[in-house]
Amino acid sequence: MLFLNLTFPYKSGNEFTTDSMAEMKNQITDELTKRNSKGNEILLFENLTMITEFLLLGFSDLQEMQFVLFAVILCLYLLILSGNITIITTVYLEHSLHTPMYFFLGVLSFSETFYTFTILPKMLLNLLSVLRTISFISCATQMFFFLGFAITNCLLLGVMGYDRFTAICHPLRYPVLMSWWICKLMAATCGVAGFVISMVGTFLVFTLPFCNSNRVNHYFCDIAPVIHLACGDPYINEVIIFIGGVVILMVPLTFICITYGFIVRTILKIPSTEGKKKAFSTCASHLTVVVVHYGCASFVYLRPSSKYTSSKDRLVTVTYTIITPLLNPLVYSLRNKDVQMAIRKVISWGGFSPKKHII
C-alpha cells in the first residue's frame with residue numbers, strides 16, 4: 001500500500017502562505033505522479049479531489065461592460081421564457097394544434113426552457129457578483145442537466161425531421177406512422193437517452209482528479225473548459241467524449257439531411273406552385289433551427305478539448321445557449337400562420353376552443 005508522505009508548511013493562525021501552498025502543490029504532484037518500469041505515468045489515488053469549488057471567469061474580462069451585458073441577457077432570457085411558455089401553453093390549449101408536428105414543438109419548447117434555466121440564472125448572478133464561485137457538486141449538476149437537455153434537443157430535432165418526412169412523403173400512412181402512442185414514445189426516448197448519455201459524459205469528466213487551477217474560463221461548467229483543469233491524464237476520457245459527441249451530433253444531422261432529401265424530391269413532384277410553397281413553409285422553420293443549433297454545437301464539440309479557445313468558444317456558445325432557444329419560438333410563431341392564429345385565440349379571453357388533452 002502506498003501512502004502520501006507530505007509535510008505541509010504551517011503558519012500561525014492555520015493560514016498557508018503563497019509559497020507554502022506552492023510547495024504543498026509540488027509535493028502532492030510529485031507524490032501522485034510516479035513512473036513504472038516502462039516509463040509510463042500512472043496516477044495514484046485517482047479519486048483524490050483537492051478542488052471543492054470552481055471559479056467561473058465568464059465575461060470578467062469585459063469589466064465595465066458587464067452591467068450592459070447583464071441587461072441585454074436578462075431581456076433575452078425573459079423573451080426566451082415568455083416565447084417558449086407561450087408556445088407550450090398554446091399547443092396545450094388550442095385543439096387545432098393537437099397534431100404530432102406541434103406536439104414535438106411543445107416538447108422542444110419545454111426542453112429549451114429548462115435548458116436555459118440551468119445556465120442563464122447563474123450567469124446573470126455572476127455578472128453582478130465579484131465572487132463567481134460554484135461548488136464542485138453544483139458544477140457537476142449543472143453540466144449534467146445542460147448536457148441532458150442539449151442532447152434531448154438534438155434528438156428531438158431529428159424526430160421532428162422524421163415527422164415532416166412522413167407527413168409529406170407518406171401522407172396516407174401518416175396517422176399510423178405517427179400515432180399519439182408513437183409520438184409520446186419518441187419524445188420519452190429522446191429525454192431518457194439524452195440524460196443517460198449526459199450521465200456518462202459527466203461521470204467521465206468529474207471522476208478525473210482536480211488538483212490544479214480551479215479557474216473555469218467560461219460562464220458555465222461546460223466539458224472542454226472543465227476537463228482542461230484536470231491534473232491527471234484525461235486522454236482516454238476525452239476520446240470517449242469526442243466519439244460520443246460525433247455520434248450525438250452527426251447521426252441525427254445525417255438522418256435529417258437524408259429525410260429532407262426525400263422531402264425535396266417529393267415536393268418537386270407537386271404540380272401546383274401553391275402546394276410547393278405550403279410544403280416548403282412547413283419545413284423552413286425546422287431547418288432554420290437545425291442549421292443554427294447543429295452548426296454552433298458542431299464547432300464547439302466536434303474537436304478535441306485541447307483545441308479549446310475561450311474567446312471564440314464563449315461567443316459561439318452564446319449562440320446556442322441564448323440565440324437558438326430564442327430563435328425557436330420566434331421562427332415558429334412568425335413563420336407559421338396556424339401558430340399565430342392559435343396564439344391570438346389563446347390570449348383573447350374565452351377565444352380558444354375547449355381544452356382537450358392529447359391522448
Side-chain angles (χ1 to χ4, degrees), residues 1-11 14-58 60-61 122 126 131-147 198-245 300-301 303-314 317:
M1 182 178 293
L2 296 171
F3 298 90
L4 289 178
N5 184 17
L6 303 177
T7 56
F8 299 119
Y10 182 84
K11 190 178 179 180
N14 294 331
E15 295 180 357
F16 288 104
T17 64
T18 303
D19 294 338
S20 300
M21 290 298 293
E23 185 179 345
M24 182 181 72
K25 177 183 171 182
N26 291 334
Q27 288 186 28
I28 293 175
T29 303
D30 292 338
E31 288 290 334
L32 285 175
T33 306
K34 303 293 183 181
R35 291 187 176 274
N36 60 14
S37 57
K38 297 181 181 179
N40 298 323
E41 286 188 340
I42 59 174
L43 189 64
L44 307 178
F45 300 97
E46 292 180 354
N47 294 327
L48 179 62
T49 301
M50 296 196 61
I51 291 178
T52 58
E53 62 180 19
F54 293 98
L55 177 64
L56 297 173
L57 298 182
S60 57
D61 54 330
K122 179 65 176 176
N126 287 345
L131 190 63
R132 301 179 177 90
T133 57
I134 182 171
S135 69
F136 188 88
I137 297 298
S138 297
C139 187
T141 303
Q142 186 184 57
M143 183 180 292
F144 169 72
F145 282 105
F146 164 72
L147 291 176
S198 173
M199 184 181 297
V200 174
T202 306
F203 176 82
L204 288 171
V205 173
F206 284 94
T207 51
L208 291 168
F210 291 89
C211 53
N212 290 327
S213 172
N214 69 335
R215 297 162 67 87
V216 179
N217 202 354
H218 213 331
Y219 57 86
F220 71 99
C221 291
D222 203 359
I223 292 177
V226 173
I227 204 172
H228 198 66
L229 302 177
C231 60
D233 183 8
Y235 177 75
I236 299 299
N237 303 56
E238 285 183 331
V239 170
I240 296 173
I241 291 171
F242 176 74
I243 294 173
V300 175
Y301 295 105
R303 56 181 177 156
S305 64
S306 58
K307 301 293 184 182
Y308 172 74
T309 54
S310 58
S311 57
K312 284 185 179 180
D313 283 14
R314 275 206 308 263
T317 307

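Start at 1 with the first residue, then count along the sequence.
Listed by chain and residue number, Ser135 satisfy the side-chain hydrogen bond (donor to acceptor under 3.5 Å, both in side chains) test with Ser138 (two or more places apart in sequence, or in another chain). Scored by the side-chain contact (heavy atoms from CB on, under 4.5 Å) test, Val239 finds Tyr235, Ile243 as partners (sequence neighbours excluded). Under the ring-ring contact (aromatic ring centres under 6.0 Å, His included) criterion, Phe144 pairs with Phe195, sequence neighbours left out. Applying the ring-ring contact (aromatic ring centres under 6.0 Å, His included) test to Phe54 and every residue at least two apart in sequence or in another chain returns Phe136, Phe210. By the side-chain hydrogen bond (donor to acceptor under 3.5 Å, both in side chains) test, Asn126 is found to be paired with no residue, residues two or more places apart in sequence or in another chain being considered.
A side-chain donor-acceptor contact under 3.5 Å links Gln142 to the backbone of Cys221.
Arg215 and Leu229 make their closest contact through O-CD2, 3.6 Å (heavy atoms, listed as atom of the first residue, atom of the second, distance). Taking each heavy atom of Thr317 and His218 in turn, the nearest pair found is OG1-NE2, 3.6 Å. Leu208 approaches Pro234 most closely through the heavy-atom pair CD1-CB, 3.7 Å. A pairwise comparison of heavy atoms in Ile241 and Gly201 identifies CD1-O, 4.3 Å as the closest pair.
You'll find the side chain of Asn214 stays beyond 4.5 Å of the side chain of Thr133, heavy atoms only. For the pair Ile223 and Leu204, the minimum side-chain heavy-atom distance is 4.5 Å or more.
We find the NZ-CG distance between Lys122 and Leu56 to be 6.5 Å, quoted to the nearest 0.5 Å. The line from CE of Met143 to OG of Ser198 is 9.0 Å long, rounded to the nearest 0.5 Å.
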